[in-house]
Amino acid sequence: MDLPLDTAEVSRLLIEIGQRLELCGEIPFKARAYYTAAENLLAHTMPLADLVAQGKLREVPGVGESLMEKIVRLHKTGTHPTLDYLREQMPASVLDMLEIPGLGPKKVMLLHYTLHISSVAELEEACKAGRLRDCKGLGGTLQKKILESIEFLRKTKGLSLVHVADERLREAADRLAASRPALRRIVLAGALRRGCELVDGLCLVAEAPAVEGHVAVETRQDVRVYVSDAQHYGVALLHATGNPAHLAGLRARAASRGMRLTEKGLWRGDEELPVADEQALYEALRLPFIEPELREGRGEIELAAKGALPALLCESDIRGILHCHTDFSDGHNTLAEMAEAVRTRGCRYFGVADHSQSAGYAGGLKEDDIREQHRAVGRLNEKYDAAAFRVFKGIESDIRDTGALDYPDALLKEFDFIVASIHSRLNLDKQAQTARILAAVANPHTTILGHISGRLLLQREAYAIDTEEVLKACAKHGVVVEINAHPHRLDLDWRWHARALELGCMLGINPDAHAVTELDLMRWGVAVARKGGVPKERVLNCMDLSAFSQWLAARKRGR
DNA sequence: GCCGTTTTCGGCCCGACTGTTTTCAGTCG
């Protein structure tokens, strides 16, 4: 670990201290102070190094004298006596058990101190042997649930969320560039380049002046690095990007045209064809360039051969950002800060959508809060040139288990748009959950259906719904289907995008940002939308300001 | 451990669900 530690690294250590405190029986509030500080550091726009250098740490909410001292020491030295002491109390493998849903600090303590279980592997063994029932407070149902969760963890082992993979690969690319100045064209490849929602292998490609055997594969820590000479760069990048099914399709196409494609190059008989980049390679196969996001072996080669590849949107097509939270509910920044940050990112409109009243845990807005926020939006809009930038009044309204939105109609009318989302009762059966969402979609006040499946990548499976029926209903009622861009969600899943388009749905890419820094998560939503073959014409927030205003107005008239 | 005072202590997001209880603690969103 390189010193000094950055914001993300120190935040991780603060969370570790918090978890260890809880597992040592400390009061939960003390642990929460560490979690809050970690969260606020991450949400802060200023990097930790600057906060420390300028003595501004105390200005971060939740950082007092004691935490300031710990953060500075962690930043500078990579550890702290408190952390060292806590680490002596129990092995890190005990903390892994906290990852299992249903296991909090209290139950993990019980498992560790009473049943002497110190790791997920030991826990699995104990569950299979039925040993949890020996312990008062634990039972057979929990045992079954734990085994299911361990299976889920096993299935997702080795996968990373995109923003995590991106950060690690960028750091690896920087280290590579610094250690070998002769390298050129260093590119992040693999599943990350394909815009996948989860990344399996970390992979880089680079060009070197000369490489023995033309392409060499090196492994540096957990990153595979393909190094090729200039003549083989296209083939190296293609193979490092994948996926295997796409590559198999290309090899078959090469074979059908009297060529041979391998990891080492492209041949016609004994003659090797130069492929300095991917463009040249696809050209040699008489194909238009296939964007990396489409390379999944799902018929893209056939589409390319027919000249029927979809025109993909790109980040610069985004004109506005909707579904963001502010400090009116559980966001970290003010309405004005969020709006201004959206504007400085080149967008023309911002739609606030804080949590609604039934999301008490997230500080959901009561009627008075809504009135206050609407006045604030009004004042803000007076400040901006109406033709250049506008703030729209939205809300992320919880869908109750009845399918109703959680404000009366008279109040719902006051909003410019409404994102309807499920945050509770995730375990209804498929029929009931589908009926619940269908009711919300049929509600004339609903503008956008938020994170349709409720999945949390690497954490929680989607709830049971009939996606086809829900998409049909969205198309019928003109409800926009959200592509939630947050790396934990990326929901609607890209595998459904083509079907949603086919059914006539409009899509919307929303960051679900809880801080200014999270506005940049939009890129991951764009990546999966590209992967799903979504054109900009079908994305709500690719509309320019006037078209969007008119669309909202028409939608409101239709209520 | 932080924070805001009813300002140096006392409260800290809070309601619902779940499982293991037999009236509630732990966990989650």
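Note that the structure is a prediction, hence the values are computed from the model and not measured. Below, chains carry the letters A, B, ... as their sequence lines are ordered, and counting in each starts from 1. These values consider heavy atoms only, across backbone and side chains, with no hydrogens, waters or symmetry-generated copies.
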With respect to the phosphate group of [N], does any side-chain polar atom (N or O) of [X] fall under 4.0 Å of OP1 or OP2?
| X | N | value |
| --- | --- | --- |
| Lys144(A) | dG19(B) | no |
| Thr36(A) | dC2(B) | no |
| Arg425(A) | dC28(B) | no |
| Asn427(A) | dT18(B) | yes |

Would [X] and [Y] pass as an ion pair if we require N to O under 4.0 Å?
| X | Y | value |
| --- | --- | --- |
| Arg375(A) | Glu372(A) | no |
| Arg530(A) | Glu293(A) | yes |
| Glu16(A) | Arg87(A) | yes |
| Glu65(A) | Arg58(A) | yes |
| Arg168(A) | Glu171(A) | no |
| Asp166(A) | Arg523(A) | yes |

Notebook entry, point to check: Across the strands shown, which category fits Pro28(A) at heavy-atom distances under 4.0 angstrom: base, sugar-phosphate, nothing?
Noted result: nothing
Notebook entry, point to check: Which part of the nucleic acid, if any, lies within contact of Lys145(A), taking any heavy atom under 4.0 Å across all strands shown: a base, the sugar-phosphate backbone alone, or nothing?
Noted result: nothing
Return the nearest nucleotide to the side chain of [X]; candidates are [options].
| X | options | answer |
| --- | --- | --- |
| Ala33(A) | dT27(B), dT18(B), dG1(B) | dG1(B) |
| Lys30(A) | dT21(B), dG1(B), dC3(B) | dG1(B) |
| Leu142(A) | dC17(B), dT20(B), dG29(B) | dT20(B) |
| Arg58(A) | dG29(B), dG1(B), dC3(B) | dC3(B) |
| Leu426(A) | dT20(B), dG26(B), dG29(B) | dG29(B) |
| Pro105(A) | dT27(B), dG29(B), dG1(B) | dT27(B) |
| Lys107(A) | dT27(B), dC28(B), dT21(B) | dT27(B) |
| Leu67(A) | dG29(B), dC2(B), dC3(B) | dC2(B) |

Margin query: Quick check against the 3.5 Å criterion: does Tyr35(A) have a side-chain atom that pairs as donor or acceptor with the backbone of Gln19(A)?
Written below: yes
Under 3.5 Å, N/O pairs linking protein and nucleotides 11-14 of chain B:
unit_1	atom_1	unit_2	atom_2	d
dC13(B)	OP1	Arg32(A)	NH1	2.6
dC13(B)	O2	Tyr361(A)	O	2.3
dC13(B)	N3	Tyr361(A)	O	2.8

Next item on the list: Look through every strand shown and name the nucleotide pairing with dT8(B) as Watson-Crick or G-U wobble, where both distances are under 3.5 Å.
Entry: none
Next item on the list: Write down the distance separating the C1' atoms in dT5(B) and dG10(B), rounded off to the nearest Å.
Entry: 10 Å
Checklist line | Rounded distance in Å between the C1' positions of dT18(B) and dC12(B) | finding: 25 Å
d([atom1], [X]; [atom2], [N]) in whole Å:
| X | N | atom1 | atom2 | value |
| --- | --- | --- | --- | --- |
| Asp401(A) | dG29(B) | CG | P | 17 Å |
| Glu22(A) | dG1(B) | CD | C1' | 13 Å |
| Leu23(A) | dT27(B) | CG | P | 10 Å |

Item checked: Upstream residue (5' side of DNA chain B) when His423(A) and Gly139(A) are each assigned their closest nucleotide -> Gly139(A)
